Amino acid sequence: GGTRYRFLETMRQYALEQLSAALEGDAMRDHHLACYVALAETARPHLTGAQQGEWLARLDLERENFMAARAWCNRAVNGGESALRLLIALKLYFYSRGMLELLRWGTSEALSLPGAQQRTMLRSRALHTLGQAGYFMGRYEAAMPHLLESLAIAQEFGDAGRVVIVLQDIGMAALGLGDMVGARRHLREASTLARQSGDKRATAAALNAMAQLHRRCGEIEQAAPLYTESLQLARELEDEHTASVALLNLAILAIGRRDAREACTLLKQAHAMARALDSRLTGQCVLAVASGLAALREDWDQVARLRAAADAVSYNTRIQLDPSDLAALQPLWLRAEGAIGGAAYESARVSGAALSYELAMQQTGEWLDLDG
């Protein structure tokens, strides 16, 4: 929390050369790595509770140090283990900041390092991180083998909590692949086990995932109460990220019911959470779902602008819309294009794509406030 200093790059390189010349470089880099693994693991439990925003901001200040620590893992003794511990602890930070490609690539490389090959729970967690990142990026087929291996290791060790978490993402990847039978089987098992465990966080996530399947299958009456329960659990945990996911899904249901006022109320709450956490993951989804509300308001130009702004964020983060969300929003985008014509729609898209993330979120907040 004190004053921070930065090196000019030339000074940094000179200092590193002098450190190496003094034969202290490896020891200092090992110490640096250990310190930043410890910081990441200290931060991890705070990235899902009331202090989410504070800890995300703190980790922002250390981003370059984390990258340097991860790079040293390729040469350090027991570097494979350290790399996996570092990336697993920082997973939620990478998600929030829209750095999925870096997380996916870094975890894939780390899993190939010496010390990362043994079938341990650390490897299971890392494989889950790799598969989950692939799922969020829409790479469902590539994600599945990593998730299945993660599940197998967790089952071998009898880690019931990890089994629940991985089953959920296997179900969601199956949903992305269009395997409704497999998705239903895995998600039903995940939600049942989560409830039995009494773990509120796992239950909130599993219920939201099960609701996504119900919504994709048109089972709206079954989806709505699960989203609501997930939201309630997230609020009890003071977990704004999980709460925002439930809010956005409830907003999509409200759009489907043509309840513009309810959808707007829910979107305002999710928008505020995205801004408070500076979460690109949540913000991108807010922009996309808001485009659905714009279609409901028959604000056709705004549909195109918001969709394009969300697509621009997706281009940078590599985060793809959940298949259920995409299925709900695509008909509305087509309706908007049909209402104003292809040329006008494309012109509005160009306008939206040109916005910075910060400006897109600011303008979206102002537009939502027009509802009063």
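Please read all numbers here as calculations on a predicted model, not as lab measurements. Values reported hereafter were calculated over all heavy atoms of this structure, with side chains retained and with hydrogens, waters and symmetry mates removed.
- Leu370 CG to Cys264 SG: the interatomic distance, rounded to the nearest 0.5 Å, is 8.5 Å.
- Judged by distance alone, with hydrogens and angles left aside, the side-chain atoms of Thr317 form a donor-acceptor pair with the main-chain N or O of Val313 at under 3.5 Å.
- The side-chain hydrogen bond (donor to acceptor under 3.5 Å, both in side chains) search around Glu358 returns Arg280, not counting sequence neighbours.
- What you find for Pro323 and Gly176 is that their closest heavy atoms are CG-CA, 3.6 Å.
- Under the side chain to side chain contact (heavy atoms under 4.5 Å, CB included) test applied with Thr129, the options Leu87, Leu103, Leu84 reduce to a single match, Leu103.
- Within the structure, the salt bridge (charged side-chain N to carboxylate O under 4.0 Å, His left out) test picks out the following pairs touching residues 193-212 (sequence neighbours left out): Arg195-Glu229, Lys200-Glu236, Arg201-Asp239.
- A salt bridge links Arg123 and Glu149; the closest N-O separation between the charged side-chain nitrogens and carboxylate oxygens is under 4.0 Å.
- Geometric assessment of Arg305 against the ring of Trp367 yields a negative cation-pi assignment under the 6.0 Å and 45° thresholds.
- Phe66 pairs with exactly one of Tyr93, Phe94, Tyr36 by the ring-ring contact (aromatic ring centres under 6.0 Å, His included) rule, that one being Tyr36.
- For the pair Leu33 and Ala76, the tightest heavy-atom approach, listed with the atom from each and the gap, is CD2-CB, 4.0 Å.
- For residues 125-148, the set of pairs meeting the salt bridge (charged side-chain N to carboxylate O under 4.0 Å, His left out) definition, not counting sequence neighbours, comprises Glu101-Arg139.
- Panel note: side chain Ser244, backbone Ala270; no donor-acceptor pair is recorded below 3.5 Å.
- Summarising the local packing, CZ of Arg75 is surrounded by 12 or fewer heavy atoms from other residues, nucleotides or ligands at distances under 6.0 Å.
- In this structure, Asn208 and Leu226 have side chains that are not in contact, with every pair of non-hydrogen atoms separated by 4.5 Å or more.
- Counted by atom type alone, Tyr95 and Gln132 present one or more donor-acceptor pairs between their side chains at under 3.5 Å.
- Here the side chain of Thr282 pairs no donor or acceptor atom with the backbone of Ser279 at under 3.5 angstrom.
- Not a single donor-acceptor pair under 3.5 Å links the side chain of Asn78 to the backbone N or O of Glu81.
- Counting heavy atoms of neighbouring residues, nucleotides and ligands inside a 6.0 Å radius, atom NE2 of His31 does not exceed 12 of them.
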Pair up each side-chain donor or acceptor in residues 7-14 with any protein partner under 3.5 Å, not counting sequence neighbours, and list the distances.
| residue | atom | partner | partner atom | Å |
| --- | --- | --- | --- | --- |
| Glu9 | OE1 | Arg12 | NE | 3.3 |
| Glu9 | OE2 | Gln13 | NE2 | 2.8 |

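- Counting only distance, with no hydrogens or angles, the side chain of Ser230 and the backbone of Ala204 share a donor-acceptor pair below 3.5 Å.
- Summarising the hydrophobic clusters (Ile, Leu, Val, Met, Phe, Trp, Tyr; side-chain heavy atoms under 4.5 Å, direct or chained), the residues clustered with Val181 are none.
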Go through the steps for Leu127 and Leu147 under the test side chain to side chain contact (heavy atoms under 4.5 Å, CB included), then give the verdict.
CA-CA 6 Å; Leu127 285 164; Leu147 294 170; over 6 Å; no

May I have the step-by-step check of side chain to side chain contact (heavy atoms under 4.5 Å, CB included) for Val303 and Asp299, ending in yes or no?
CA-CA 6 Å; Val303 175; Asp299 188 346; 5.7 Å; no

Hey, mind stepping through Asp26 and Trp72 against side chain to side chain donor-acceptor pair (under 3.5 Å) and telling me if it holds?
CA-CA 9 Å; Asp26 287 4; Trp72 179 245; over 6 Å; no

One pair to check against side chain to side chain contact (heavy atoms under 4.5 Å, CB included): Asn74 and Glu109. What are the steps and the verdict?
CA-CA 9 Å; Asn74 292 351; Glu109 183 183 54; 3.6 Å; yes

Before giving the answer on side chain to side chain contact (heavy atoms under 4.5 Å, CB included), spell out for His271 and Leu287 the whole-Å C-alpha distance, their side-chain angles and the decisive distance to 0.1 Å.
CA-CA 9 Å; His271 180 273; Leu287 294 171; over 6 Å; no

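- No continuous path of hydrophobic side-chain contacts links Leu248 to Leu231 [ILVMFWY only; heavy atoms under 4.5 Å].
- Side chain of Arg70 to backbone of Gly106: a donor-acceptor contact under 3.5 angstrom is found.
- Every residue meeting the side-chain hydrogen bond (donor to acceptor under 3.5 Å, both in side chains) condition with Ser150, not counting sequence neighbours, appears here in chain and number order: Ser124.
- Formation of a donor-acceptor pair under 3.5 Å by the Ser82 side chain with backbone atoms of Gly79 is not found in this model.
- Checked against side-chain hydrogen bond (donor to acceptor under 3.5 Å, both in side chains), Asp301 has no partners two or more places apart in sequence or in another chain.
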Could you walk me through whether Asp322 and Tyr135 pass the side chain to side chain donor-acceptor pair (under 3.5 Å) check?
CA-CA 9 Å; Asp322 180 281; Tyr135 159 72; 2.8 Å; yes

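- Between Leu296 atom CG and Arg261 atom CZ the span is 12.0 Å, to the nearest 0.5 Å.
- Among residues at least two apart or in separate chains, salt bridge (charged side-chain N to carboxylate O under 4.0 Å, His left out) pairs with a member in residues 172-194 are Arg184-Glu219.
- One hydrophobic cluster holds both Met67 and Leu59 under the rule that ILVMFWY side chains link at heavy-atom gaps under 4.5 Å.
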Return a table of donor-acceptor pairs under 3.5 angstrom between the side chains of residues 325-336 and protein atoms on other chains or two or more places apart.
| residue | atom | partner | partner atom | Å |
| --- | --- | --- | --- | --- |
| Asp325 | OD1 | Arg215 | NH2 | 2.5 |
| Trp333 | NE1 | Ser291 | OG | 2.8 |

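- Listed for the Thr42 side chain is a donor-acceptor partner under 3.5 Å among the backbone atoms of Ala38.
- Screening residues 42-62 for salt bridge (charged side-chain N to carboxylate O under 4.0 Å, His left out) gives Arg4-Glu62, Asp60-Arg63, Asp60-Arg97 as the qualifying pairs, with residues at least two apart or on separate chains.
- Looking at heavy atoms from C-beta onward, Thr242 lies out of side-chain contact with Thr48 at the 4.5 angstrom threshold.
- The CD atom of Glu240 sits 10.0 Å away from the CG atom of Leu247 when rounded to the nearest 0.5 Å.
- Between Ile255 and Ala263 the shortest heavy-atom distance is CG1-CB, 3.8 Å.
- Note on Glu337 versus Arg349: no salt bridge recorded, every NZ/NE/NH1/NH2 to OD/OE distance being 4.0 Å or above.
- Of all heavy-atom pairs spanning Ala224 and Leu250, the tightest one is O-CD2, 4.1 Å.
- In this structure, Leu355 belongs to a hydrophobic cluster whose other members, linked by side-chain heavy atoms under 4.5 Å apart, are Leu359.
- Between Ala243 and Ala234, the shortest heavy-atom contact is N-CB, 3.5 Å.
- For the residue pair Leu293 and Ala260, the shortest heavy atom distance occurs at CD1-O, 3.7 Å.
- Residue Tyr5 shares its hydrophobic cluster (ILVMFWY side chains chained together at separations under 4.5 Å) with no other residue.
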